[in-house]
**Q** 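One structure, as structure tokens, below. Some questions next.
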Amino acid sequence: MQVSLRVRRFDPESNQGPYYQTYSMDAPDYYTVLDALIHIREETDGTLGLRCSCRSAICGSCAMRIDGHAKLACKTKIIDLTADGGEVTVEPVGNMPVVKDLIADMKPFWDKIRAVDPWLQPEGPEPEREYVVPNEAMQDLAGAMNCIMCGACVSDCTVLEAELNRGVPVEKTWLAPAALAKAYRFVGDPRDDHQYDRLEKLSDSGGIWDCTHCFECIEVCPKGVAPMDRIMALRDKAVSAGITNNNGTRHAKAFHDSIKAYGRLDEVTLVPKSVGFFNIRELLPQMPTGLRMLKAGKLRLPHKAENKKKIKQIVDSLDKEQME
Amino acid sequence: MLEHDVLVVGAGLAGLRVAIEAQKQGVDVAVITKVHPVRSHSNAAQGGINAALEQEGSPDSWEAHAFDTVKGSDYLGDQDAIEIICREAGPEIIELEHMGVVFNRDETGHLGVRAFGGATYSRTFFVGDITGQALLHVMYEQVLKANTRIYEEWFVTSLIVEDGVCRGVVAMDLATRRLHTIKAKAVVLATGGAGRVFEPSTNALIVTGDGISQAYRAGAPLMDMEMVQFHPTTLKQNGALLTEGARGEGAYLLNAEGERFLGNERNQFYAPSKMELAARDVISRAEQIEIDAGRGVDGCVLLDCRHLGEDLIRERLWQIWELAMDFANVDIMKDPVPIRPGVHYIMGGIKTDVDGRAWDVNGGGWGGVKGLFAVGECACINAHGANRLGANSLLETVVYGRRAGLTAGFYVKEAPTALLSEAKMADDESRIKEIISRPDNGDRWAALRLEMGEMMNSQVGIFRTKENLEGALEKIQEMKLRYRHVPIQNKGNIFNTDLQFHLELGLMLDCAEVIALSALSREESRGAHYRLDFPARDDEKWLKHTMAYYTPEGPEMDTLPVTITQWEPTERKY
């Protein structure tokens, strides 16, 4: 099939800014985006920069944005993207600085991984033989170990994007999905003896409570790791462990209580309830946003939902299920 | 000038294991790697890692594992090296488990095993079908914990050998193209195999034989390079590997007639008793015979997993389910998937002793380069002989990685500090400048690489003859001449992959030449090396290793005896 690849080019050695270059080719039906890029690099344009190695979605080198979303180029067939004569847009991963063409500087990604102390920390004398643990626990962790560290989830994380857009320095941004999925792998490991410390650290600002449930990381993960689900599991574990003295837990509780009381969300008290009513230091910076929302008609004083009773029943039954 | 006690080249499982062990000796260790460590090709190992772990009521023993390995090697493996790898396997598995590897368990919560090819008992420990990835990522965690210095995305252009001693490397920082001399008292090569010398291949694009060629050029001999393993189950579309674990779990191999052909008596090469769990060389040959005889499907035979059930596939073979789905459009739960033999692994490599030293300390008469170590697929410690058993390669990386790390750690404590010139770096700089400045003559390294790979597959493949091998050598000579004039388009400094791949091709051509010449010299059939003109194993003449030494005129061949401890060669049947 005839296809055009519109590739974002950038070479810091030239004086040019980033630009798009279109390569057209006759691509066999089995061609992946990576096949096409390799074809370009080998046959037509040796200056095109990209990382790739295994060609079978194992090494994690070739994550990039394809038609706007992070994907592994080696796992994405052109025929699934466009019809004969169509165009595919290829860009480097987002949320990380571009070094050249499709090559990004992954340092922010690795720094976040490192920040969760990503190694097993058992205490006490090692057993002579293996640790005896249930297979189900290992199976669950193997699902998280399926992560190939490609960075797709970090590329498309909307929380991270918003932080970077706000000008938050990258080292101050939140841990983001991949590192938290990695953290889950240790918190969920019955052999690890630092689960509580880990959860406590992860419950701090910039950790598990910063996720906004946008599902993007689940959507783009090429290995089914479902980072957001792991983050939610970490929240459960943290709350169960009694680590609740933090904005995240208070926020979740305020959410819950408001729904139970009014059948809908009371946005006015949500923020103060999350950070604490007398926490001027954290409340003050939120004021302008609150005022803008009020002006735009997005904030309403608490008012009850029509079928409040029914909603309360649902909440109660969920609470009961949780207790059990 | 950058300087370390031990410099490990390559950050796959073997390299990282070396680094961890050497660092424990209190010496200064660094790792240099052309890709980020977790991008390394150890990832691709799927099925598992072998060990005869002592367990109550288990009839298995390290001796049984060793015998299977000796037999798998078609008696070419050095039995001292095999005894070590099998004896030390158990503690390595336990150590990996303690590091955090999430091995599958049995119903009692103890380590579980699966069956694998060429093994008398089930002794393959595994993490689904992502064992290599699970091990590599855990080893990387350990390196993070130890805070090891890693030169990421640096490409070694030469080893520096002065007065017959390896004293460091010249390396290019790929992000800037700048060359650096890195001085080291010991250099440990852990650069992986040379699979891309063949096309197609299961191997990642980075597997270009760098360390093998560089050691060879630096004066270290290469051993048994003719021994190239074809894996029996690779996808037709992109050569991707489908684990032997599938057959370990009970999958069948079928021909076009739906027959489990390995059990057919019509051919002496088949494996009526072990069937799908025979050694890889045996099965790959059988498949090729079926395909050549017209009993294949579109140049393939079929791997049938349907009867294993969805639950088992979901728990233990999820990756190959995905691979077959993504690349062959086949749901292995519902249909058999077409597969064929594909180049997978090189048993041969840089000759080392059982501690990873690539020089002769015991008066064996094979020379080598002092201060140089090798481990993993690039090395030939010779635990695999003429055919490696599945799930012995991961084992080799950790057993011999630890031994080489330990030995290198000791070695550098005694090694004197030497002055080092930057002459080699200047040489490499002018060599690279010359390539960059070449006028465009219309030729491309990619075209030459493809030609080399396809030629190697057709002429130095599963079935070999004198005529084909001589033809291959002639073509390689032509290619080497042509290579000297191949230009590159990219003249830039930042991640100039055009330049990197050009340099890699030069290294691969050396590997190709040694593989073809070693294959020509071995006038018998043994393990993975099958000569149509010498179809029998010939223990009288060829119970020995081929050795290739670099000379400016081309490889010089020699032989070394095989070490036999307790298993005398007998007929090999599966």
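We name chains A, B, ... by the order of the sequence lines, and we start the count at 1 in each one.
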**Q** Hey, are B:N493 and A:E13 close enough side-chain-wise for a donor-acceptor pair under 3.5 Å?
**A** yes

**Q** Given heavy-atom pairs under 4.5 angstrom as the criterion, report whether the side chain, backbone, both or neither of B:I494 touches chain A.
**A** both

**Q** For chain A, which of B:E141, B:E322, B:E152 has the most heavy-atom pairs under 4.5 Å?
**A**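 Winner by heavy-atom pair count: B:E141.
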
**Q** Is A:R129 paired with B:E97 through a side-chain N to carboxylate O contact shorter than 4.0 Å?
**A** no

**Q** Do the rings of A:W110 and B:H36 sit parallel, tilted or perpendicular, given the 30° and 60° boundaries?
**A** parallel

**Q** Using only atom types and a distance under 3.5 Å, with no angle test, would you say the side chain of A:K100 pairs donor to acceptor with the backbone of B:A175?
**A** no

**Q** Find out whether A:I58 and B:Q319 are in side-chain contact, i.e. whether some heavy atom of one side chain is under 4.5 Å from a heavy atom of the other.
**A**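 Yes, side chains in contact.
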
**Q** Looking at every non-hydrogen atom in both residues, tell me the closest pair between B:V127 and A:A142 and how far apart they are.
**A**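 Nearest heavy atoms, B:V127 then A:A142: CG1-CB, 4.2 Å.
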
**Q** Would you mind checking which part of A:E130 comes under 4.5 Å of any heavy atom in chain B, side chain (CB onward), backbone (N, CA, C, O), both or neither?
**A**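 When you check distances to chain B, atoms from both the backbone and side chain of A:E130 fall under 4.5 Å.
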
**Q** Could you look at A:R51 and say if it's the side chain, the backbone, both or neither that has a heavy atom under 4.5 Å from chain B?
**A**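 Interface part for A:R51: side chain.
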
**Q** Can any side-chain N or O of B:Q133 pair as donor or acceptor with the backbone N or O of A:M145 at less than 3.5 Å?
**A** yes

**Q** A:I38 versus chain B, heavy atoms under 4.5 Å apart: side chain, backbone, both or neither?
**A** side chain

**Q** For A:P190, is it the side chain, the backbone, both or neither that has a heavy atom under 4.5 Å from a heavy atom of chain B?
**A**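 Contact with chain B: none, neither part.
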
**Q** Looking only at heavy atoms, which two atoms of A:R55 and B:F327 are closest? And how far apart?
**A** O-CZ, 3.5 Å

**Q** Tell me, side chain or backbone of B:R39 under 4.5 Å from chain A's heavy atoms, or both, or neither?
**A**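 Both the backbone and the side chain of B:R39 come within 4.5 Å of chain A.
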
**Q** Taking the side chain as C-beta and beyond, is there a heavy-atom pair between B:N496 and A:T47 under 4.5 Å?
**A**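 A side-chain contact is absent here, since even the closest heavy-atom pair is not under 4.5 Å.
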
**Q** Can you tell which part of A:Y131 gets under 4.5 Å to a heavy atom of chain B, answering side chain, backbone, both or neither?
**A** both

**Q** Using non-hydrogen atoms only, which part of B:S40 is less than 4.5 Å away from chain A: side chain, backbone, both, or neither?
**A**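 Neither; nothing under 4.5 Å.
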
**Q** Does any heavy atom of chain A fall under 4.5 Å from the side chain of B:R316, the backbone, both, or neither of them?
**A**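 Neither the backbone nor the side chain of B:R316 comes within 4.5 Å of chain A.
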
**Q** Within a strict 4.5 Å, meaning less than it, do heavy atoms of the B:N147 and A:R114 side chains meet?
**A**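 Yes, side chains in contact.
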
**Q** Where on B:E107 is there a heavy atom nearer than 4.5 Å to chain A: the side chain, the backbone, both, or neither?
**A**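 Nothing of B:E107, per the 4.5 Å heavy-atom cut-off to chain A.
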
**Q** Does any N or O in the side chain of B:R105 come within less than 3.5 Å of the main-chain N or O of A:V132, such that one atom is a donor and the other an acceptor?
**A**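 No; judged by distance alone, with no hydrogens or angles, the pair does not exist.
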
**Q** Would you mind checking which part of A:D105 comes under 4.5 Å of any heavy atom in chain B, side chain (CB onward), backbone (N, CA, C, O), both or neither?
**A** neither

**Q** Under 4.5 Å, counting heavy-atom pairs only, tell me which of B:W445, B:F103, B:Y140, B:W318 racks up the most with chain A.
**A** B:W318

**Q** Give, as side chain, backbone, both or neither, the part of B:T208 having an atom under 4.5 angstrom from any heavy atom of chain A.
**A** neither

**Q** Taking all heavy atoms of A:R185 and all of B:G100, pick out the closest pair and write down the distance.
**A**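 Taking every non-hydrogen atom into account, NH2-O, 2.5 Å.
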
**Q** Is B:H98 in contact with chain A via its backbone, its side chain, both, or neither, using a 4.5 Å heavy-atom distance?
**A**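 For B:H98, backbone and side chain are both near chain A.
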
